[in-house]
Amino acid sequence: MLKIAEKIQNSKNPAVLAFFGDSITEGCFEFENGYKDTAKRPEQAFHALLKKRIERDTGRKIVTVNAGVAGNFSDQGLERIQKDVLDKKPDFCCVMFGVNDATNNKKGFEKYEKNMQTILQILLENEIETVLMTPNMIASRGTPGFHGFWWIVHKYYEGLQKKGVMDQYVEISRKVAREMNVPIADVYAQWKKMNKDGTDTTAMLINGLNHPAPEHHQLFADALYDLIFGE
């Protein structure tokens, strides 16, 4: 059980939980308007599901901070950590970056590792209980409906997953968390196991690329709940 569980259950004031990441955290789903925009429904994202479960199970209200921004790399997260996280004065922060970093590997593994180290260090220095959560798999097979530019993008994503680039980024984040003694909610491991056992994980992506469908955000919510309240 993490310290935040005790605060949720015993504090006079509602505990504040922040969720810091990219489009998955923000609550982005399918393409709309002919691939020009992405539907945003933060009320269906994992942190909203987690909030509902915590309040239902404990009978206590909590405050959640959605610090996810679509398209963000870890370095962009680092640039806004003060405004979007520290200034909100959370008791707890869940960090999940990596999908976008993997799609622009020119920035490199070392840069990503340094960014993640710095993000976690800042949170810990500010006495914010911190956990790292690994993301979902991205597309690992072809899907119908992509043409022209978006077919090229899709094939690129597929290659990143098949060639193990996503695996490498996730392993870096795990390594950083282990070295800094930060708990990990390893959702990526769950996706990999499902894929190995025959589940079509690409079909779980509502945009065919990288955004889990709303029902699959429950995996993230459950992983965090188990980490927070587990023995």
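In this structure, the side chain of Ser11 engages the main chain of Asn13 through a donor-acceptor pair within 3.5 Å. Judged by distance alone, the side chain of Asp101 and the main-chain N or O of Phe73 form no donor-acceptor pair under 3.5 Å. In this structure a side-chain-to-backbone donor-acceptor pair under 3.5 Å is missing from Thr58 to Gln9. At distances below 3.5 Å, not a single donor-acceptor pair connects side-chain atoms of Asn126 with backbone N or O atoms of Ile128. A donor-acceptor contact shorter than 3.5 Å is absent between the side chain of Glu179 and the backbone of Val176. Under a 3.5 Å cut-off, the side chain of Gln161 and the backbone N or O of Ala139 do not form any donor-acceptor pair. Judged by distance alone, the side chain of Asp91 and the main-chain N or O of Ala15 form no donor-acceptor pair under 3.5 Å. For Glu129 (side chain) and Ile4 (main-chain N/O), a donor-acceptor pair under 3.5 Å exists by modelled atom type.
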With salt bridge (Lys or Arg N to Asp or Glu O under 4.0 Å) as the test, would you mind laying out the steps for Glu43 and Lys52 before giving the verdict? CA-CA 10 Å; Glu43 71 279 2; Lys52 289 179 181 178; over 6 Å; no

Show the numbers, then the answer: is there a side-chain hydrogen bond (donor to acceptor under 3.5 Å, both in side chains) between Asp87 and Gln82? CA-CA 6 Å; Asp87 288 353; Gln82 180 69 50; 2.6 Å; yes

Take Phe92 and Lys7 through the side chain to side chain contact (heavy atoms under 4.5 Å, CB included) test and state the conclusion after the steps. CA-CA 10 Å; Phe92 166 97; Lys7 184 171 182 64; over 6 Å; no

Asn136 vs Leu205, test: side chain to side chain contact (heavy atoms under 4.5 Å, CB included). Steps then yes/no. CA-CA 9 Å; Asn136 50 273; Leu205 304 171; 3.7 Å; yes

Given side chain to side chain contact (heavy atoms under 4.5 Å, CB included), test Gln121 with Met180 step by step and report yes or no. CA-CA 8 Å; Gln121 187 63 41; Met180 300 183 71; 3.2 Å; yes

Check against salt bridge (Lys or Arg N to Asp or Glu O under 4.0 Å), Glu30 and Arg41: CA-CA 10 Å; Glu30 71 275 9; Arg41 297 188 296 276; 3.1 Å; yes

Does Asn10 form a side-chain hydrogen bond (donor to acceptor under 3.5 Å, both in side chains) with Glu6? I'd like the steps, not just the answer. CA-CA 6 Å; Asn10 301 320; Glu6 298 178 7; 5.5 Å; no

Test side chain to side chain contact (heavy atoms under 4.5 Å, CB included) on Leu124 and Val182; report intermediate values, then the result. CA-CA 9 Å; Leu124 294 173; Val182 169; 4.0 Å; yes

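Put simply, Val95 and Val65 are part of two different groups of oily side chains (I, L, V, M, F, W, Y) that touch within less than 4.5 Å, one to the next. In terms of hydrophobic clustering, with Ile, Leu, Val, Met, Phe, Trp and Tyr side chains grouped at heavy-atom distances under 4.5 Å, Leu78 and Val99 are assigned to a common cluster. Under a hydrophobic-cluster definition in which Ile, Leu, Val, Met, Phe, Trp and Tyr are linked whenever side-chain heavy atoms come within less than 4.5 Å, directly or via other members, Val85 and Val69 are assigned to different clusters. Under a hydrophobic-cluster definition in which Ile, Leu, Val, Met, Phe, Trp and Tyr are linked whenever side-chain heavy atoms come within less than 4.5 Å, directly or via other members, Leu86 and Val63 are assigned to different clusters. In the hydrophobic clustering of this structure, Tyr188 groups with Leu227; members are Ile, Leu, Val, Met, Phe, Trp, Tyr whose side-chain heavy atoms approach within less than 4.5 Å, directly or through other members.
The two residues Ala189 and Thr134 come nearest to each other via the heavy atoms N-OG1, 4.5 Å. Ser140 and Thr201 get closest at one heavy-atom pair: OG-OG1, 4.1 Å. Smallest separation of non-hydrogen atoms from Met1 and Ala5: CG-CB, 3.3 Å. Contact record, Ala185 with Leu224: CB-CD2, 4.1 Å, taken as the closest heavy-atom pair. Residues Leu123 and Cys93 come closest through the heavy atom pair CD1-SG, 3.9 Å. When all heavy atoms of Ala221 and Leu49 are compared, the closest pair comes out as CB-CB, 3.9 Å.
Note that the CD1 atom of Ile206 and the CD atom of Gln44 stand 8.0 Å from one another [nearest 0.5 Å]. Here the CE atom belonging to Met166 is positioned 8.5 Å from the CE atom belonging to Met137, to the nearest 0.5 angstrom. Atom CD1 in Ile62 sits 11.0 Å away from atom NE2 in His47 (nearest 0.5 Å). To the nearest 0.5 Å, the span separating CG on Asp57 from CZ on Phe229 amounts to 7.5 Å. Distance OH/Tyr112 to CG/Asn104: 13.5 Å, rounded to 0.5 Å. With rounding to the nearest 0.5 angstrom, the CD atom of Gln190 is 6.5 Å from the CE atom of Met194.
Partners of His154 under the ring-ring contact (aromatic ring centres under 6.0 Å, His included) rule, at least two apart in sequence or in another chain, are Phe146. Residues meeting the salt bridge (charged side-chain N to carboxylate O under 4.0 Å, His left out) test with Lys162, sequence neighbours left out: Glu158. Take Arg60 and apply the salt bridge (charged side-chain N to carboxylate O under 4.0 Å, His left out) test, not counting sequence neighbours, and it matches no residue. Residues satisfying the ring-ring contact (aromatic ring centres under 6.0 Å, His included) test with Phe31, not counting sequence neighbours, are Tyr35, Trp150.
Phe109 has its ring centre less than 6.0 Å from the ring centre of Tyr169.
The 12-atom threshold is exceeded at CG of Asn33, counting heavy atoms of other residues, nucleotides or ligands nearer than 6.0 Å.
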Could you list the donor-acceptor pairs under 3.5 angstrom formed between side-chain atoms of residues 16-23 and any protein atom two or more places apart in sequence or on another chain?
{"unit_1": "Asp22", "atom_1": "OD1", "unit_2": "Ile24", "atom_2": "N", "d": "3.2"}
{"unit_1": "Ser23", "atom_1": "OG", "unit_2": "His211", "atom_2": "NE2", "d": "2.9"}

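Side-chain contact between Asn100 and Gln76: absent, with no pair of heavy atoms (C-beta onward) separated by less than 4.5 Å. For the pair Arg80/Asn72, a side-chain contact is recorded, criterion being any heavy-atom separation below 4.5 Å from C-beta on.
Ring orientation note: the planes of Phe46 and His217 are close to parallel, at an angle under 30° on the 30°/60° scale.
A salt bridge links Arg178 and Glu171; the closest N-O separation between the charged side-chain nitrogens and carboxylate oxygens is under 4.0 Å.
Listed by first and then second residue, the salt bridge (charged side-chain N to carboxylate O under 4.0 Å, His left out) pairs that reach into residues 192-212 are Arg141-Asp200, Asp167-Lys192, Lys193-Asp197, sequence neighbours excluded.
For the side-chain contact (heavy atoms from CB on, under 4.5 Å) with Pro135, the qualifying choice from Thr25, Asn210, Val187, Val170 is Val170, the only one to do so. Residue Asn115 forms a side-chain contact (heavy atoms from CB on, under 4.5 Å) with just one option from Gln117, Glu113, Lys111, and that option is Lys111.
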